[in-house]
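Below is one structure, written out as structure tokens; comments come after it.
Quick note: numbers below take in every heavy atom, side chains included, and nothing from hydrogens, waters or symmetry partners. Quantities reported herein were computed from a predicted structural model and do not represent experimental measurements. Whatever order the structure lists them in is the order used to number ligands and atoms, beginning at 1.
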Amino acid sequence: MSDRRAIIIDTDPGQDDAIAILLALASPELEILGITTVAGNVPLELTTKNARKICELAGRPETPVHAGASRPLMRRLVTAEHVHGKTGLDGPDLPEPTMPVQPQNAVDFIIDTVRAHPDGHVTLCPLGPLTNIALALIKAPDIAPKIARIVLMGGGFFEGGNTTPAAEFNIYVDPHAAHTVFTAGVPIVMAPLDVTHKALTSNARLDALRAKGTPVCDAAAALLDFFDRYDEEKYGTDGGPLHDPCVIAYLLRPELFSGRDCHVAIETGSELTMGMTVVDWWRVTKKPANANVLREIDATGFFDLIVERLARL
Ligand code: BDR
Ligand code: CA
């Protein structure tokens, strides 16, 4: 067994998912046991295709890609083509992938992989709705104490929501799955909008990526050029938030981030605030913490890391 940190990336690519996957594939500290796909930004068929496009862009077609849930546990699927484009990966013209989708379903792959490794060995990295992770925990509760931790992008508290005033997209799409995950007793690190909205892809940062002049850096810049346009208009900023790569960057360089251990509850009852992550930042409930909630980031260090790593591919 290698010394590298063993991870499973659960994802719904998505341009920012794509940068997260590239960052992980470029980082020798991480052993990517597999990529599992879920319906989210676009339907499952497209997120599965997009994950394979990114592996091939990185020159890593041997990466196992497993398709998972095609819809949330209880609610109808909400997608985000208005943000990510019709394909989910609009921007550069990436070729149709030829690498296979693995025959095993994502949920069973997660269960078997966690069981096959020593306790505390496998870290799960969800970058989309938490449907696959919840289904794995429901089908095989014995894996909960074996998972090292779950480092996820999702939620928002001080910053509010980006899909409704109260809810962030990943949690809003499948709040019941999020509730299952946040009550499973697995250590969680949560990268909410409070931190990702401080990781803005300014023009200068995209220029630094383009200046590397490699096919991967050029494609990444084209992905982000497309992705940013929506949030730049929405928030009036130079650049948009680069959400999902925060998860991988946290694994590589946790000192770039700071946060606080808090109790986090997920709203599943009220339509008005459905999918809200209720973070007890001030510890007013005295409920035990179930997540480390990130709030601050060294954005310069974060982008330097992305540019340096992506240039290696
Ligand atoms: C999250 O939603 C998706 O659109 C992004 O890929 C990210 O995972 C941000 O709210
Ligand atoms: Ca995502």
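- In this structure, a donor-acceptor pair under 3.5 Å is present between the side chains of T36 and D10.
- For atom 8 (O) of ligand 1, the nearest protein heavy atom (residue, atom name, distance) is D244 OD1, 2.7 Å.
- With waters neither drawn nor counted, the protein N/O/S atoms under 3.0 Å from the Ca ion (ligand 2) amount to 5.
- Residue-ligand proximity, N170 to ligand 1, at heavy-atom distances under 4.0 Å covers atoms 1 (C), 2 (O), 7 (C), 8 (O).
- Listed by atom number, the atoms of ligand 1 under 4.0 Å from E168 heavy atoms are 1 (C), 2 (O), 9 (C), 10 (O).
- Side-chain atoms of E81 and V42, non-hydrogen and from C-beta on, do get closer than 4.5 Å to each other.
- Remark: side-chain polar atoms of S27 are not paired, donor with acceptor, to backbone N or O of E29 under 3.5 angstrom.
- Numbered from 1 in the order shown, with element, the atoms of ligand 1 that lie under 4.0 Å from a heavy atom of L127 read 8 (O).
- Residues satisfying the side chain to side chain contact (heavy atoms under 4.5 Å, CB included) criterion with Q104, sequence neighbours excluded, are H66, D108, F109, D112.
- A heavy-atom separation below 4.0 Å is not found between Q15 and ligand 1.
- When the side chains of ILVMFWY residues are joined at heavy-atom separations under 4.5 Å, either directly or via intervening members, L256 and L23 end up in a single hydrophobic cluster.
- Considering only non-hydrogen atoms, atom 7 (C) of ligand 1 lies nearest to D16 out of N41, D16, T163.
- Between the CD1 atom in I297 and the CZ atom in R295 there is a gap of 14.5 Å [rounded to 0.5 Å].
- Heavy-atom contacts of H84 reach the following atoms of ligand 1: 3 (C), 4 (O), 6 (O) (cutoff under 4.0 Å).
- The backbone N or O of D90 lies less than 3.5 Å from a partner atom in the side chain of Q15, making a donor-acceptor pair.
- For R149, the side-chain hydrogen bond (donor to acceptor under 3.5 Å, both in side chains) test picks out no residue, with sequence neighbours left out.
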N/O donor to acceptor pairs below 3.5 angstrom from side-chain atoms of residues 257-264, sequence neighbours left out:
from: R260; atom 1: NH1; to: W281; atom 2: O; distance (Å): 2.8
from: D261; atom 1: OD1; to: N292; atom 2: ND2; distance (Å): 2.8

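- Using a 4.0 Å cut-off between heavy atoms, D17 contacts ligand 1 through its side chain alone, with no backbone atom that close.
- Taking every heavy atom of N162 and a limit of under 4.0 angstrom, the matching atoms of ligand 1 come to 9 (C), 10 (O).
- Ion pairing between a basic and an acidic side chain is recognised when a charged N comes within 4.0 Å of a carboxylate O; D225 and R210 show such pairing.
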